[in-house]
There are 2 protein chains.
Amino acid sequence: MAEELRTLVERLKAVSHPLRLRVLSLLEPGELCNCQIAETLQVPASSVSEALRELRRAGFVTERKDGRWVFMSLVSRELAAPFLQGLLEEAAALPELQQDRARAQAVKALAIPVVCSKVQRDAPTEREATHV
Amino acid sequence: MAEELRTLVERLKAVSHPLRLRVLSLLEPGELCNCQIAETLQVPASSVSEALRELRRAGFVTERKDGRWVFMSLVSRELAAPFLQGLLEEAAALPELQQDRARAQAVKALAIPVVCSKVQRDAPTEREATHV
DNA sequence: AGTATATATCGGAAATTATCGAAACATCAT
DNA sequence: ATGATGTTTCGATAATTTCCGATATATACT
């Protein structure tokens, strides 16, 4: 298979996943660190980290380290894939993702250490019937 | 998971696949029947049929039956997902997909029965190392 | 140094997807 | 009706993906 086709497919796969799409959409208004995302989405921090790794691999996200924290943000529109623009608009219209953003705002209002020390504790453990 | 998020993810998954993306891109200039696609891409007809089923399920493709043949075409831009426009542009720029289109033109120049009677015979049998 | 905390990676079980030949189904041609 | 041909579905196997707890790594604080 041609390299370029493979790459495009990999980038599409990266966003074809509920958690990764939620994370992507969450980052649109601005950067967030791993634990802010984990707290916002009520998902284990390791899952968020893996989601971010895929989004980074696909070239949609960049990181900025600041001490203990790694703040992730979307790459510029110019660097992103052409299909991303339409996708983000489509995503922003979804009720659940709007809810996510509202939660993120509340989380951002708190100091980061306060948010993050909660994450380890109250991550959900029950597995859903279908993949999240 | 919210229904709408799930739907969007399903639509993204539908195009996150080399064969399905090739088929999608192949249909952009105009309708083709299953066997024309199979011949163009040198892929078993059943694989093409399955790819088309997914693209139909995702709402990207519609069918028009004409006797033995089922011609598939892209749905109108208005009905398609917002991200599809950018994706098709991105796809059209890929060398391999341009090659596919050139082959499709050659195939279209032949009478359909001539094309299709070949398909059953010379489909490739060797499995590639990675998924196609 | 030692502890706490944020992030990344690993391991591995479970679910999902991919693939294609075989068989079924639908329509045409004689 | 019979056979030929285009399309779809089925069956089964292999490959991949998902998910999260456990572990590892990195930085901060005291």
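Note that the structure is predicted; figures quoted are calculated from it, not measured. Order of the sequence lines fixes the chain letters, A, B, ..., with proteins taken first and strands second; residue numbering starts at 1 for each chain.
Between C:dT7, C:dT27, C:dA18, one nucleotide has an atom nearer to the side chain of B:K65 than all others, and that is C:dT27. The side chain of B:S46 lies closest to D:dT9 when the candidates are C:dT19, D:dT18, D:dT9. Of the candidate nucleotides C:dC20, C:dT7, D:dG6, C:dT7 has the atom nearest to the side chain of A:C33. With distances taken from any side-chain atom of B:C35 to the nucleotides D:dT7, C:dT7, C:dC20, the minimum falls on D:dT7.
Spacing between atom CE of B:M72 and atom P of D:dG6 amounts to 17 Å, rounded to whole angstrom units. Following rounding to the nearest Å, A:E54 (CD) and D:dT18 (P) show an atom-to-atom distance of 8 Å. Distance CG (B:L52) to P (D:dT9): 11 Å, rounded to an integer number of Å. With rounding to whole Å, B:R57 atom CZ is found 12 Å from C:dT17 atom C1'. Between the CZ atom of B:R53 and the C1' atom of D:dT9 there is a distance of 7 Å, rounded to whole Å. The interatomic distance linking B:L41 (CG) with C:dT19 (P) rounds to 13 Å, in whole Å. Per the geometry, CD1 belonging to A:I37 stands 10 Å off P belonging to C:dA8, to the nearest Å. The interatomic distance linking A:E31 (CD) with C:dA6 (C1') rounds to 15 Å, in whole Å.
Here A:S47 reaches the OP1 or OP2 of D:dC20: one of its side-chain N or O atoms lies under 4.0 Å away. A sub-4.0 Å separation between OP1 or OP2 of C:dA4 and a side-chain N or O of A:R68 is absent. For C:dT7, neither phosphate oxygen OP1 nor OP2 lies less than 4.0 angstrom from any side-chain nitrogen or oxygen of A:R64. Taking only side-chain nitrogens and oxygens, A:S49 never comes nearer than 4.0 Å to OP1 or OP2 of C:dT7. Side-chain N/O atoms of A:R56 include none lying less than 4.0 angstrom from OP1 or OP2 on C:dT7.
You'll find the side chain of A:V61 stays beyond 4.5 Å of the side chain of A:V23, heavy atoms only. Taking 4.5 Å as the limit, every side-chain heavy atom of A:H17 sits out of range of all side-chain heavy atoms of A:E54. Side-chain contact check for B:L87 versus A:L87: every heavy-atom pair is 4.5 Å or farther apart.
Checked by distance alone, A:E50 brings no side-chain donor or acceptor within 3.5 Å of a matching partner on the base of D:dC19.
A salt bridge links A:R101 to A:E28: one of the charged nitrogens lies within less than 4.0 Å of a carboxylate oxygen.
The environment of A:R64 atom CZ is dense: over 12 non-hydrogen atoms of other residues, nucleotides or ligands sit within 6.0 angstrom.
Mapping A:D66 and A:K13 onto DNA chain D by nearest heavy atom places A:K13 at the nucleotide closer to the 5' end.
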